[in-house]
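So that the names make sense, note that chain A is the first sequence line, chain B the second, and so on, each numbered from 1. Atoms considered below: every heavy atom in the structure, side chains included; atoms not considered: hydrogens, waters and symmetry mates.
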Amino acid sequence: MPELPEIETIRQDLSRDIVNKKIKLVAVSNGRSVRRHKSAKEFRDRAEGRTIKSVGRLGKYIVCTLDNGDNLVMHLGAHGQFFRTKSAKEAKLKHTHVVITFTQGGELRFVDTVSFGEMFISSPPPVDQPVVVRSTAAFALGGEGDLTRKSVPELAHLGFDPMEDQMSWERFAVALRTRSDSIKTLLLDQQFVAGVGALYADEILYSAGLHFDRTPESLSTTEVRRLFRALVEILAEAIKQRGSSLADGVYVDFTGKSGNYQNFHEVYEREGEACRRCRKPILKVKAVSQDTFFCDRCQI
DNA sequence: CAAAATTCCTGACTGC
DNA sequence: TGCAGTCAGGAATTTT
C-alpha cells in the first residue's frame with residue numbers, strides 16, 4: 001500500500017545512503033520479483049559491478065541511475081519493503097526475494113509477501129527512437145519527471161507526477177476535461193496522475209471538499225483549483241511527515257521506522273469517528289471497487 | 001471501436 | 001483445525 005509519500009521517503013533515505021555505492025552481488029531467491037527479465041541471471045549480470053549515481057522517483061517507482069546509463073527500477077507493489085542491513089549475518093525476514101550487497105559493505109534487502117512488487121534494469125531508448133509521452137504528463141513537460149520518463153520507456157505511460165512534473169492548475173484543468181470518469185477513479189489511475197492510491201485519494205478529496213463520485217464536467221473552476229491544490233498539498237505534507245504507517249505494519253522505512261502522517265488522516269480508516277470539520281461520523285462505502293472513506297456533509 | 005469490467009498473480013488474514 | 005472469502009497494484013484480457 002505504499003503510495004507516493006512513502007516511496008518518496010524511501011527515495012530520500014536511499015539517496016543519502018546508496019549513491020556512489022557499488023553493487024558487488026545480487027541474489028535473487030524469487031524470480032517473480034524480476035519477472036521482466038528472461039532470467040534472474042540476466043538481471044544479476046546487468047546490475048553487478050555497477051555504481052549507483054542517483055536515486056529518483058516517478059509515481060510509485062524508484063529509479064536508480066547506474067554508472068553505465070542504465071536504470072535500476074524498483075516498485076513495491078502492495079506489500080513490498082526495503083531493509084538496509086549492516087551485514088549478511090542479520091536474520092533474513094520471510095519473503096526476502098532480492099538481496100543487493102554493496103562493495104563498501106551492507107545489504108539492501110527486498111521483502112515482498114505477495115510478490116506484486118518488482119525490480120528490473122532498463123536501458124535508455126536509442127536517440128533515434130525517443131519516448132513519446134501520450135499520458136497527461138504531456139501537459140506538464142519540462143520537469144524532472146519528464147527526464148525520468150524519457151530515459152525509462154517502461155514508465156512512459158505514467159501520468160504526471162504531482163511532485164516531479166511541472167503541472168499548473170490550468171493545465172490540470174485541461175487534462176481533466178479529456179476524461180469522463182469519476183474524480184476518485186482518475187486520482188487512482190496511474191496514467192492520469194502517478195503516485196496516488198486509495199489512502200491519499202480519500203484524503204485529497206476530503207481536503208478539496210469534493211464527493212468521490214463527481215465528474216470533471218460537473219466541477220466549477222474553483223473546484224478544479226481546490227482539487228489540484230489538495231492533490232499537491234496533501235502529498236507534500238505527507239512527505240514532510242515521512243508517509244503513513246497503518247496498523248497492518250506494511251509501511252515502514254528501510255530502517256524499520258514508521259511514518260507520522262497517519263496521525264493527520266481526516267477520513268482514511270476513520271469510519272464512525274467524528275469529522276473534524278462538522279462532527280458527523282465518517283462513512284465507509286464500496287466505491288471504485290475499493291473502500292472509500294468520506295464525510296457526506298463536507299464533501300459534496 | 002473504446003471503455004468498462006473481470007481476471008490474474010500470491011500470501012495474510014478473517015470468520016464460520 | 002480447515003476451508004472459503006477477501007484484499008491489494010497494475011497489467012492483461014474479456015465483455016459491453
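- Following rounding to the nearest Å, A/F192 (CZ) and B/dA4 (P) show an atom-to-atom distance of 14 Å.
- C/dA12 atom P lies 12 Å from atom CD of A/E154, rounded to whole Å.
- Regarding A/H95, its NE2 atom lies at a distance of 8 Å from the C1' atom of B/dA12, rounded to whole Å.
- A donor-acceptor pair shorter than 3.5 Å can be found between the side chains of A/T292 and A/K184.
- Nearest nucleotide to the side chain of A/A78, out of C/dG9, B/dG11, C/dA11: C/dG9.
- In terms of phosphate contacts, A/K94 brings no side-chain nitrogen or oxygen within less than 4.0 Å of OP1 or OP2 of B/dG11.
- The side chain of A/D181 lies closest to B/dA4, out of B/dA12, B/dA4, C/dG9.
- A donor atom on one side chain and an acceptor atom on the other are found under 3.5 Å apart for A/S168 and A/R171.
- Distance CZ (A/F116) to C1' (B/dC9): 5 Å, rounded to an integer number of Å.
- Residue A/S115 places its side chain closer to B/dT10 than to any other of B/dA12, B/dT10, C/dG10.
- When the nearest nucleotides of DNA chain C are assigned to A/K286 and A/H75 by heavy-atom distance, the more 5′-ward of the two goes with A/K286.
- Using bins of under 30°, 30° to 60° and over 60° for the plane-to-plane angle, the ring pair A/H97/A/H95 lands in the perpendicular bin.
- A/H157 comes within contact range of the sugar-phosphate backbone alone, with a heavy-atom separation under 4.0 Å but no base atom that close.
- Atom CG in A/D189 sits about 14 Å away from atom P in B/dA5, given to the nearest Å.
- Comparing A/T113 and A/S180 along DNA chain B, the residue whose closest nucleotide (by nearest heavy atom) sits nearer the 5' end is A/S180.
- The residue A/R32 sits close to a base: some heavy atom pair falls under 4.0 Å.
- Between A/K284 atom NZ and C/dC7 atom P the separation is 9 Å, expressed in whole Å.
- Computed from coordinates, the A/F120 CZ to C/dG10 P distance equals 12 Å when rounded to whole Å.
- At the phosphate of C/dG9, OP1 or OP2 sits under 4.0 Å from a side-chain N or O atom of A/Q290.
- Between the side chains of A/N71 and A/T65, at least one donor N or O sits under 3.5 Å from an acceptor N or O.
- Taking atom CZ of A/R35 as the reference point, atom P of C/dA11 lies 10 Å away to the nearest angstrom.
- Salt bridge absent: A/R50 and A/D70 never bring a charged side-chain N and a carboxylate O closer than 4.0 Å.
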